[in-house]
Amino acid sequence: LANSAVIDSDTTDVNPGNNTASHTISVASGSRDLYLDKSLNSGTPVPGQEFTYRLYYRNYGSDAAHNVVITDTLPANLSYVSTSGSVSPTVNGNQIVWNLGTVPGQYNSGYEGNVYLTVRVDPAVLAGTRINNEAVIATSDQETGSASNQDAYAVTVQPGTRDMRV
């Protein structure tokens, strides 16, 4: 982008060489940079019991990201129970897919959000077993970087407790 200014006068100018100025700048194109963070939201992973993950997403770019999808494929020792959040997912077996649509650029309303995934630990899983679960966020647009587009969270299955009364 270039801009020029010229000054002119009816009187004689002793230095007409300084009557013009120009400035050129480069306009940067917009960017999209999705981010996903998976964490334990509530509950304790115990055989046969439920716990909930939180999947936090945001767009660090200046432009909106289109056709944004979060995909979480559960490992064999976890089963889907439910989800909550502003978007309902499609569930196909052990794969949960949230179609977020358009995620606006940073600092615009809706540039970040959360979805929650409640799962059940298989009752046959032994205490001490580590379960790693990964989720991925993607867009149909080109991104400035994709290193932060996936996140995994590992839990260690805890022993169940007994509550006996007489």
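The line from CG of Asp72 to CG of Leu74 is 5.5 Å long, rounded to the nearest 0.5 Å. With values rounded to the nearest 0.5 angstrom, Asp141 atom CG is found 5.5 Å from His66 atom NE2. A distance of 7.5 Å separates OG in Ser39 from CG in Leu55, rounded to the nearest 0.5 Å. The distance from atom OH of Tyr111 to atom OH of Tyr35, rounded to the nearest 0.5 Å, is 12.5 Å. Between the OG atom of Ser31 and the CD atom of Glu143 there is a distance of 9.5 Å, given to the nearest 0.5 Å. Between the CG atom of Asp151 and the CG atom of Leu36 there is a distance of 6.0 Å, given to the nearest 0.5 Å.
Between Trp98 and Thr83, some side-chain heavy-atom pair lies under the 4.5 Å cut-off. The shortest side-chain heavy-atom distance between Val46 and Val121 does not fall under the 4.5 Å cut-off. Using a 4.5 Å heavy-atom cutoff, the side chains of Gln150 and Glu134 are in contact. Taking 4.5 Å as the limit, some side-chain heavy atom of Pro47 sits within range of a side-chain heavy atom of Val157.
Side chain to side chain, Thr52 and Thr118 meet the donor-acceptor criterion of an N or O pair below 3.5 Å. Side-chain polar atoms of Asn59 and Asp33 form no donor-acceptor pair below 3.5 angstrom. In this structure, a donor-acceptor pair under 3.5 Å is absent between the side chains of Tyr57 and Glu112.
The neighbour count for Asn132 CG, taken as heavy atoms of other residues, nucleotides or ligands under 6.0 Å away, is above 12.
Ring geometry, Phe51 versus Tyr53: the interplanar angle exceeds 60°, so the pair is classed perpendicular (tilted spans 30 to 60°).
With sequence neighbours left out, Asn67 forms a side-chain hydrogen bond (donor to acceptor under 3.5 Å, both in side chains) with Ser140.
In the hydrophobic clustering of this structure, Val69 does not group with Leu117; members are Ile, Leu, Val, Met, Phe, Trp, Tyr whose side-chain heavy atoms approach within less than 4.5 Å, directly or through other members. If you chain together hydrophobic residues whose side chains sit under 4.5 Å apart, Ile131 and Val136 never meet in one group. Val91 is connected to Ile70 through a chain of hydrophobic side-chain contacts under 4.5 Å among Ile, Leu, Val, Met, Phe, Trp and Tyr, so both are in one cluster. In the hydrophobic clustering of this structure, Val87 groups with Ile96; members are Ile, Leu, Val, Met, Phe, Trp, Tyr whose side-chain heavy atoms approach within less than 4.5 Å, directly or through other members.
A donor-acceptor pair under 3.5 Å is absent between the side-chain atoms of Asn149 and the main chain of Ala138, judged by distance alone. A donor-acceptor pair is defined here as one N or O able to donate and one able to accept, closer than 3.5 Å; no such pair exists between the side chain of Thr156 and the backbone of Thr129.
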Distance-only check: which donor-acceptor pairs under 3.5 Å involve side-chain atoms of residues 99-106, not counting sequence neighbours?
| unit_1 | atom_1 | unit_2 | atom_2 | d |
| --- | --- | --- | --- | --- |
| Gln106 | OE1 | Arg58 | NH2 | 2.9 |

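Heavy atoms only, all atoms of each residue included: Gly30 and Ser62 are closest at CA-OG, 3.5 Å. Residues Arg32 and Ala64 approach most closely at NE-O, 2.7 Å, considering heavy atoms.
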Problem - Derivation of the salt bridge (Lys or Arg N to Asp or Glu O under 4.0 Å) call for Arg120 and Glu50 - result: CA-CA 4 Å; Arg120 180 175 288 113; Glu50 299 175 2; 2.5 Å; yes
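Results of the side-chain contact (heavy atoms from CB on, under 4.5 Å) test with Tyr153 over Asn133, Leu40, Asp37 single out Leu40 as the only residue that passes.
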